[in-house]
Amino acid sequence: MKQRKRIAVLGATGSIGSQTLDIISAHSELYEATVLSAGQRVGDLIKLALRHRPRLAVIADNTLLPILRDALEPKGIECAAGAEALAECVEADYVDTVLTATVGYSGLEPTVHAIKAGKDIALANKETLVVAGDFVNHLLKGSISKIYPVDSEHSAVAQCLEGEDVSKVSRLLITASGGPFRTWPKERIDNASAVDALRHPNWNMGRKITIDSATMLNKAFEIIEAHHLFGIEGERIEAVVHPQSIVHSMVEYTDGAIKAQLGVPDMHIPIAYALGANSRLQGVSKHLRIEDFATLTFEKPDTDKFPCLTLAHYALKRGGNTACVVNAANEIAVEAFLNGRIRFSDIYKTIENTLIAASFVGNPQYEDYVSSNTEARCIAADFINKIS
Ligand code: MG
């Protein structure tokens, strides 16, 4: 019997994590979850660990380790806690592929460790490439590890690029649903509540990414992510609003042909494609009945209403630590917005202000990303204290 692929699922209790575990248990002839991690949801992690029987369970919050141990050690499941344990667990010899579905900046360190240890990565944490894409690509050059995108748009691009020559690409068209505020007037968007922003029309996702979808910063991040994943310069990557979320992205070639990947908006498809190192599994998701869709529409995004979208090309042009600063300011701003401290339009203002005040580093090394992230968070928090 062929050995099963052993998966470390980082962020197991979140939306991508649980859908990954669905696939692993439905295909236990192919996959096995050997590490599960969570941030703070220790109860959920315990339940998952008892069901999926990993070798190791890791909780990011140190204070929760005793609870985890009491529940899992008697069952023979090893337990660990803290950021260091989270970064190191991916190096274990019982891990082949690391699925990173943690939220935000925290995804970077484990990914760096995984690349250094030569593990393959199914990347669901887009902030890793947004924050430190150049650095990660540099590491990949000296490693046997490969990154397989889990983000639906990048999975679509990877599928459209299959068998093609990247030098024949003229544009990547990253589709965007437009989020819950697509049809709202600007003044109403500026004052939208967290409840409004959390109501995504097509995708069921975690809170942070749902707010990023509402501001469309998520799409800006995906443009940056696509640049680093596929080596296509920023000017040739564009966002296209497609409210039905059926076309998951497109690649336009130099002869004028456009290839698109379509399907129901269900993350099981891109997760399974990434876990299989870009190969297909049967029965992963409901099939799309294209004949049920009378119209698929496409439009240009409105950057007056969604200024965050402009940050992609700005960050790629300016380079260095710019995207790292944008990400850090955004993480602080989204949290303040969810806590009712700032208005929706203040998310962009916080990022803009932080970009002006933060130090620019042209050719950042790992430590520069760490200090830049810390500095930008402080600047953003100060700005929010002033305006809230
Ligand atoms: Mg996406």
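As the structure is a prediction and not an experimental result, all values here were calculated from the model.
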Below 4.5 Å, heavy atoms only, C-beta onward: do [X] and [Y] meet side chain to side chain?
X: Val98; Y: Asp120; value: no
X: Thr97; Y: Lys119; value: no
X: Arg41; Y: Leu45; value: no
X: Lys219; Y: Ile174; value: yes
X: Ile7; Y: Val95; value: no
X: Leu68; Y: Ile46; value: yes
X: Ser18; Y: Leu21; value: no
X: Glu238; Y: Arg171; value: yes

Is it true that a side-chain atom of [X] and a backbone atom of [Y] form a donor plus acceptor pair closer than 3.5 Å?
X: Asp302; Y: Lys305; answer: yes
X: Asp61; Y: Thr63; answer: yes
X: Asn278; Y: Ala274; answer: no
X: His242; Y: Thr297; answer: yes
X: Asp368; Y: Gln365; answer: yes
X: Ser170; Y: Glu252; answer: yes
X: Arg236; Y: Val169; answer: yes
X: Asn373; Y: Tyr105; answer: no
X: Ser37; Y: Gly11; answer: yes
X: Gln19; Y: Ser15; answer: yes

In this structure, are over 12 heavy atoms from other groups packed under 6.0 Å from [X] atom [atom1]?
X: Glu375; atom1: CD; answer: yes
X: Glu291; atom1: CD; answer: yes
X: Lys259; atom1: NZ; answer: yes
X: Glu73; atom1: CD; answer: yes
X: Glu164; atom1: CD; answer: yes

Of all the heavy-atom pairs spanning [X] and [Y], show the shortest one and how long it is.
X: Ala49; Y: Pro54; result: O-CD, 3.3 Å
X: His227; Y: Leu316; result: CD2-CD2, 3.5 Å
X: Leu173; Y: Ile258; result: CD1-CD1, 4.5 Å
X: Met250; Y: Thr175; result: CE-CG2, 3.9 Å
X: Leu108; Y: Val131; result: CD2-CG1, 4.0 Å
X: Ser372; Y: Asn321; result: OG-ND2, 3.1 Å

Working to the nearest 0.5 Å, report the span between [atom1] of [X] and [atom2] of [Y].
X: Ile189; Y: Ser345; atom1: CD1; atom2: OG; answer: 10.0 Å
X: Cys79; Y: Ile59; atom1: SG; atom2: CD1; answer: 10.0 Å
X: His248; Y: Ser155; atom1: NE2; atom2: OG; answer: 9.0 Å
X: Ile16; Y: Met267; atom1: CD1; atom2: CE; answer: 3.5 Å
X: Lys5; Y: His27; atom1: NZ; atom2: NE2; answer: 13.0 Å
X: Lys286; Y: His268; atom1: NZ; atom2: NE2; answer: 12.0 Å

Q | For Asp212, the option from Asn218, Asn330, Asn327 that meets side-chain hydrogen bond (donor to acceptor under 3.5 Å, both in side chains) | A | Asn330

Using 4.0 Å as the upper bound for N to carboxylate O, is an ion pair formed by [Y] and [X]?
X: Lys349; Y: Glu352; answer: no
X: Glu222; Y: Lys126; answer: yes
X: Lys386; Y: Asp382; answer: no
X: Asp96; Y: Arg6; answer: yes
X: Glu127; Y: Lys208; answer: yes

Q: For Glu29 and Arg4, run salt bridge (charged side-chain N to carboxylate O under 4.0 Å, His left out): C-alpha distance rounded to whole Å, both residues' side-chain angles, the deciding distance at 0.1 Å, then the answer.
A: CA-CA 7 Å; Glu29 76 288 1; Arg4 296 186 294 175; over 6 Å; no

Would you kindly confirm whether [X] and [Y] end up in one hydrophobic cluster when ILVMFWY residues are joined by side chain heavy atoms under 4.5 Å apart?
X: Tyr253; Y: Leu229; answer: yes
X: Ile271; Y: Leu30; answer: yes
X: Tyr366; Y: Ile147; answer: yes

We want to know whether [X] and [Y] form a side-chain donor-acceptor pair, criterion being a heavy-atom distance below 3.5 angstrom.
X: Asn125; Y: Thr100; answer: no
X: Ser371; Y: Glu367; answer: no
X: Ser285; Y: Asp266; answer: yes
X: Thr350; Y: Asn353; answer: no
X: Glu32; Y: Ser28; answer: no
X: His113; Y: Glu91; answer: yes

Q.
I'd like to check the side chain to side chain contact (heavy atoms under 4.5 Å, CB included) partners of Thr215; sequence neighbours left out, ordered by chain and number.
A. Leu217, Cys308, Phe344, Ile347

Q: Using the test side chain to side chain contact (heavy atoms under 4.5 Å, CB included), find all partners of Val241 that sit at least two apart in sequence or belong to another chain.
A: Arg182, Met216, Pro243, Glu299, Pro301

Q: Please name the residue in the list Asn339, Leu338, Ile332 that meets the side-chain contact (heavy atoms from CB on, under 4.5 Å) test with Glu335.
A: Asn339

Q: Would you please test Leu355 and Tyr314 for side-chain contact (heavy atoms from CB on, under 4.5 Å) and show each step?
A: CA-CA 11 Å; Leu355 276 170; Tyr314 173 77; 3.8 Å; yes

